[in-house]
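All residue numbers refer to positions in the sequence shown, counting from 1.
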Amino acid sequence: KCDLLWSASQTMVEYNHARDDHGTLAVPFTHAMSKFTIVLVADEGFSAGALDNTSVTLSGMNVNGIFTAPDATVDVNGTTTVKMYAGEPSVSAGNPSRAYEAVSVPKVALASGNLLATVKDVEGNDYRVVLSDDMIAGWAAGIDDDGKSKSGYNYKLTVTLSKQAVNIVSLDRKSVV
């Protein structure tokens, strides 16, 4: 995982050579990257080790970004598929759970109907996570006027899988990584 931080220019701090009289510089920064987190919960019908061999990939992630710090802008080009980092297995309400994370160049197109992620091998089952209006509404604060992801947001989904149904809850949070 990597991140890029940026900050507006700060007032210079005068350095005083006296031993205990050094100036203090507070650097307020923001994250230039975006983050995607998908928490899988293997619910009804799955065994305790259901997520042991599971992998998750994100679709449509930006390949390159040109970051301009003074005005906090990002220009992007090209998209690719990104394999998410798998966190340690855990338990959620008695069910196997695991968080998958990826840091991304912002300005990812987040439109209803777009494929966001592919989940492979949950005890032999594969799933596709397609963006819906409800998921996008859950991320509203982190989506710009062009329907794209913004710097400094974590786009989180909790995906509860069962043999009969899939339930997805979306949430965004400011400040990633």
Side-chain angles (χ1 to χ4, degrees), residues 1-5 30-62 65 74 76 79-177:
K1 295 195 280 187
C2 293
D3 195 11
L4 175 64
L5 305 175
T30 56
H31 296 274
M33 304 295 276
S34 297
K35 182 177 179 182
F36 287 85
T37 303
I38 296 179
V39 178
L40 296 180
V41 179
D43 197 8
E44 191 176 326
F46 289 105
S47 69
L51 302 173
D52 289 351
N53 298 315
T54 303
S55 65
V56 180
T57 56
L58 293 171
S59 297
M61 297 294 111
N62 294 317
V74 181
V76 299
T79 59
T80 190
T81 300
V82 173
K83 183 176 179 181
M84 300 184 83
Y85 169 78
E88 291 297 316
S90 62
V91 176
S92 175
N95 296 312
S97 176
R98 182 174 250 174
Y100 297 81
E101 300 177 315
V103 175
S104 166
V105 174
K107 295 197 174 243
V108 171
L110 298 174
S112 186
N114 284 4
L115 175 65
L116 176 68
T118 302
V119 179
K120 294 250 184 214
D121 197 10
V122 182
E123 286 188 341
N125 297 301
D126 297 339
Y127 301 89
R128 294 168 33 103
V129 178
V130 176
L131 291 171
S132 69
D133 289 334
D134 289 340
M135 291 163 63
I136 292 168
W139 290 340
I143 297 177
D144 69 15
D145 294 337
D146 295 326
K148 297 181 179 176
S149 65
K150 296 197 276 189
S151 295
Y153 281 85
N154 182 0
Y155 300 87
K156 183 176 181 181
L157 292 177
T158 299
V159 180
T160 304
L161 305 168
S162 74
K163 298 277 181 159
Q164 290 76 30
V166 175
N167 181 38
I168 301 175
V169 177
S170 63
L171 169 71
D172 73 15
R173 295 185 310 209
K174 185 72 172 147
S175 293
V176 297
V177 184

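- For the pair L116/L157, a side-chain contact is recorded, criterion being any heavy-atom separation below 4.5 Å from C-beta on.
- A distance of 9.0 Å separates OG1 of T54 from OH of Y127, quoted to the nearest 0.5 Å.
- Nearest heavy atoms, Y155 versus K150: OH-N, 2.7 Å.
- The OG atom of S55 lies 11.0 Å from the CE atom of M84; values are rounded to the nearest 0.5 Å.
- Formation of a donor-acceptor pair under 3.5 Å by the S151 side chain with backbone atoms of A32 is found in this model.
- Without hydrogens or angle criteria, W139 side chain to K156 main chain gives a donor-acceptor distance under 3.5 Å.
- Within the 3.5 Å criterion, the main-chain N or O of T118 finds no donor-acceptor partner in the side chain of R128.
- You'll find the side chain of S112 reaches within 4.5 Å of the side chain of D133, heavy atoms only.
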Practice problem: Report the C-alpha distance between N125 and K163 in whole Å, list the side-chain angles of each, state the deciding distance to 0.1 Å, and finish with yes or no for side-chain contact (heavy atoms from CB on, under 4.5 Å). | Solution: CA-CA 9 Å; N125 297 301; K163 298 277 181 159; 3.7 Å; yes
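- D144 contributes a side-chain N or O that, together with a main-chain N or O of D146, makes up a donor-acceptor pair within less than 3.5 Å.
- Between V129 and L115, the shortest heavy-atom contact is O-CD1, 3.6 Å.
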Practice problem: Would you sort out whether T160 and D43 count as a side-chain hydrogen bond (donor to acceptor under 3.5 Å, both in side chains), showing the intermediate values? | Solution: CA-CA 6 Å; T160 304; D43 197 8; 5.9 Å; no
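- Contact between A86 and Y100 at its shortest, heavy atoms only, is CB-CE2, 3.5 Å.
- Residue-environment remark: NZ (K83) stays at or below the threshold of 12 foreign heavy atoms within 6.0 Å.
- In this structure, the side chain of E101 does not engage the main chain of G87 through any donor-acceptor pair within 3.5 Å.
- In this structure, S97 contributes its side chain and V91 its backbone to no donor-acceptor pair below 3.5 Å.
- Using modelled atom types, one side-chain atom of R98 and one backbone atom of L51 make a donor-acceptor pair closer than 3.5 Å.
- Side-chain atoms of N62 come within 3.5 Å of backbone N or O of P106 as a donor-acceptor pair.
- Contact check for D126 versus V119: no side-chain heavy atoms found under the 4.5 Å cut-off.
- Rounded to the nearest 0.5 Å, atoms CG (N53) and CG (D121) are 5.0 Å apart.
- When every heavy atom of I136 is checked against every heavy atom of A111, the shortest pair comes out as CD1-C, 3.5 Å.
- Taken from CZ in F36 to CD1 in I38, the straight-line distance is 8.5 Å, to the nearest 0.5 Å.
- For the atom pair OG (S149) and NZ (K35), the distance works out to 14.5 Å, reported to the nearest 0.5 Å.
- T79 OG1 to K107 NZ: the interatomic distance, rounded to the nearest 0.5 Å, is 15.5 Å.
- Nearest heavy-atom pair across V108 and M61 is CG1-CE, 3.6 Å.
- Remark: side-chain polar atoms of S92 are not paired, donor with acceptor, to backbone N or O of N95 under 3.5 angstrom.
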